[in-house]
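Please read the structure below before turning to the comments.
In what follows, chains carry the letters A, B, and so on, assigned in the order in which the sequence lines appear, proteins first and then strands, with residues in each chain numbered from 1. All values below were derived from every heavy atom in this structure, side-chain atoms included, with hydrogens, water molecules and symmetry-related copies excluded.
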Amino acid sequence: MSFAPVMTPLQALPPNPDEDALLREYYRLASLYLSSAGTGAIVSAPAPGAAAPAVVQPGSGSVVKKCRPRSSELVRVSSLGVRDQIYFRDLVRRARITFECLRGLLLRDDERAESLGLGGVAGYGGGGDRRRVRADLRAAALMADHDLWLNRDRRIVGSMPGISVGDAFFFRMELCVLGLHGQVQAGIDYVSAGRSASGEPIATSIIVSGGYEDDDDRGEVLVYTGHGGRDPNLHKQCVDQKLEGGNLALERSMAYGIEIRVIRAVKSRRSPVGKVYFYDGLYKVVDYWLDRGKSGFGVYKYKMLRIEGQEPMGTVNYRIAEQLKVDVFAVRPTGYLSFDISMGRELLPVALYNDVDDDRDPLLFEYLARPIFPTSAVQGKFAEGGGGCDCSENCSIGCNCAGRKGDEFAYDKTGVLLRGKPLVYECGPHCRCPPSCPNRVSQKGLQHRLEVFRSRETGWGVRSLDLIKAGTFICEFSGIVLTQQQSEIVAANGDCLVRPNRFPLRWLDWGDISDVNPEYVAPDYPALSELNFAIDVSRARNVACYFSHSCSPNVFVQFVLFDHYNASYPHLMIFAMENIPPLRELSIDYGMVDEWVGKLTM
DNA sequence: GTATTATCATGATT
DNA sequence: CAATCATGATAATA
């Protein structure tokens with residue numbers, strides 16, 4: 001293998017006798033993401049049009065979970081080269097997609113089952129006692145069954161390969177699956193005494209959720225409260241805490257100088273559970289003492305300092321972005337060239353910011369929120385593909401648009417794309433359904449506050465003030481659409497053309513749960529016509545033009561039809577393929593990086 | 001090995 | 001909408 005990360009045993013602890021085995025073990029887990037390792041125990045049969053569950057779970061109770069023997073050594077992963085970083089980033093993204101899409105499918109199946117149950121058909125006699133198990137837990141359990149958890153042994157100390165400071169997560173279970181924090185509820189994660197080489201518990205990560213009244217969080221300096229001593233129902237201290245479990249582990253980590261991963265919870269409207277977790281980087285415990293808490297009972301307190309030289313904290317970026325939305329000048333008194341380059345053409349303003357140099361280029365172009373298609377391409381094309389639907393209410397499974405060609409509904413009820421497809425048919429102006437129909441997502445325009453900004457590294461770039469949830473729509477790629485014939489003439493004059501067929505098929509990755517269920521394949525997708533058109537962005541363009549290129553991108557292009565049904569001229573809709581925290585640069589895979597990318601972004 | 005306990009979660013309900 | 005309840009999974013410990 002070409003990548004070779006350096007994994008060093010911790011200096012303060014006894015040397016690790018079997019480092020090679022650890023490496024192999026980590027790569028074994030890692031490689032499971034790359035090969036389809038499904039055992040076939042989980043199978044579904046998606047019948048066209050039928051409400052077949054996407055994921056069938058094995059009967060509970062009959063499955064015996066295998067526990068592999070665990071190594072007792074701590075590992076620190078460091079000195080990753082650029083290639084390794086991309087490799088692990090992709091690995092983590094794949095795990096996150098698997099988790100998120102499994103969860104989405106399980107929720108959808110629940111809803112289907114529920115709506116069928118309410119239909120009042122015979123079969124379920126009497127008992128409406130169908131308790132729902134949480135989808136996040138089921139998704140994690142399925143991934144565990146297939147050995148798809150990263151850092152399963154929770155031995156990695158320090159930063160996790162593939163996870164960056166500032167990354168955002170919506171579920172505790174997601175943190176478990178990725179190995180960032182292995183406790184479902186507990187705030188302190190540690191290697192237990194029995195599994196540690198020195199026979200002492202060692203803390204590796206904590207979550208600061210604001211649930212302990214004695215916490216004192218000042219960002220770089222954090223005084224964290226130990227756990228225990230609380231009434232399980234009232235969440236109030238009722239006895240003195242003891243120096244055991246996680247409390248002892250934090251003390252031991254301080255003694256050994258071991259860094260602690262810190263994850264903070266922030267309230268957020270955009271989260272399904274009202275909370276979002278940010279990875280804020282590594283801290284060191286510098287002091288600890290037994291104190292009298294506000295309750296009057298003894299609590300342990302740990303003073304932690306953030307290690308310097310790390311990327312900005314996710315929670316800090318979040319707060320900056322929140323304030324930018326309210327009072328721009330309080331945060332950035334200068335640098336804004338425009339507060340809305342769309343001049344009101346988008347649903348939300350798109351700001352232009354440059355505190356790097358004198359470039360004002362984006363101001364020179366006409367802002368075109370929607371692409372203009374050639375009349376020959378769209379005229380009289382409304383009836384192609386069966387026309388619109390006649391649903392009188394919000395569309396669902398049986399709808400002509402959603403179920404086109406035996407396909408399934410593209411979005412969940414919150415507008416998250418369930419799975420990438422060659423072509424998504426949304427309901428459009430020729431459908432009877434109301435605007436609130438859940439099958440109208442990308443046509444509604446911007447839902448996140450975006451800004452175009454100048455950076456020394458990537459030229460012009462785009463970032464969001466809002467946290468963008470994986471699978472949600474971001475914006476369309478706009479410009480003047482040219483037929484193949486027109487584009488050849490324009491290209492000869494050296495103008496900037498975006499060619500849709502150059503984009504790698506990244507939509508294939510979104511919704512891919514083949515690691516868990518190899519049988520869950522797409523039903524007969526209609527073959528996508530060859531896309532020979534081009535988009536001229538030399539005079540008119542929108543915010544999408546300023547996305548930076550990356551071969552490990554955080555957004556992707558999904559082709560969509562809704563206003564006309566000419567499959568040769570779909571809309572280029574951009575969706576998030578991971579949770580994108582506020583102020584993080586959006587990046588897209590343009591495929592071959594040729595001259596026009598340079599022209600557009602530099 | 002199994003049972004017990006603790007745990008800064010979720011989702012639905014009040 | 002906040003507080004509350006029921007249910008849940010995991011891992012550490014006994």
_Considering every strand and a 4.0 Å limit on heavy-atom distances, what is the contact class for A:Tyr224: base, sugar-phosphate, or nothing?_
base
*Rounded to whole angstrom units, what separation is found between the CG atom of A:Asp145 and the C1' atom of C:dT10?*
14 Å
*Does any donor atom in the side chain of A:Glu200 or A:Tyr256 lie under 3.5 Å from an acceptor atom in the other side chain?*
yes
*Using modelled atom types only, decide if a donor and an acceptor are shared between the side chain of A:Asn317 and the backbone of A:Gly314 within a distance under 3.5 Å.*
no
*asked:* Counting neighbours of NZ on A:Lys325 that are heavy atoms of other residues, nucleotides or ligands and sit closer than 6.0 Å, is the number greater than 12?
replied: yes
*Give the rounded distance in Å between these two atoms: NE2 of A:His227 and C1' of C:dA11.*
12 Å
*Give the rounded distance in Å between these two atoms: CE of A:Met143 and C1' of C:dT10.*
16 Å
*Euclidean distance, atom CG of residue A:Leu248 to atom C1' of C:dA11 [Å, nearest integer]*: 16 Å
*Taking A:Gln241 for its side chain and A:Gly226 for its backbone only, find out whether a donor-acceptor pair lies under 3.5 Å.*
yes
*Cut-off 3.5 Å, side chains only: do A:Ser464 and A:Asp466 have a donor facing an acceptor?*
no
*How do A:Asp136 and A:Val208 order along DNA chain B: which one's closest nucleotide is nearer the 5' end?*
A:Val208
*Roughly, in whole Å, what's the span from CG in A:Asn247 to P in C:dA12?*
15 Å
*Spacing of A:Asp189 atom CG relative to C:dA9 atom C1', expressed in whole Å*: 14 Å
*Rounded to whole angstroms, how far apart are CD1 on A:Ile188 and P on C:dT13?*
13 Å
*With sequence neighbours left out, what residues match A:Asp136 under side chain to side chain donor-acceptor pair (under 3.5 Å)?*
A:Arg134
*Take atom CH2 of A:Trp149 and atom C1' of C:dA11, then tell me their distance rounded to the nearest Å.*
11 Å
*Compute whether any side-chain donor of one residue and acceptor of the other, for A:Arg230 and A:Ser295, lie under 3.5 angstrom apart.*
no
*Give me the first and last nucleotide of DNA chain B, going 5' to 3', that has any atom under 4.0 Å from a heavy atom of chain A.*
B:dT7 to B:dA12
*For the side chain of A:Ser192, counting heavy atoms from C-beta on, which of C:dA9, C:dA12, C:dA11 is nearest?*
C:dA12
*Flag the pair A:Arg108 and A:Asp110 as a salt bridge only when some basic side-chain nitrogen lies within less than 4.0 angstrom of an acidic carboxylate oxygen.*
no
*Anything below 3.5 Å on both distances counts as a pair; with that, list the stems of at least three consecutive Watson-Crick or G-U pairs involving DNA chain C.*
B:2-7 with C:9-14, B:9-14 with C:2-7
*When we call it a touch if two heavy atoms are under 4.0 Å apart, what does A:Gly228 touch: a base, just sugar-phosphate, or nothing?*
sugar-phosphate
*Do you see a donor-acceptor pair shorter than 3.5 Å between the side chains of A:Glu251 and A:Tyr302?*
no
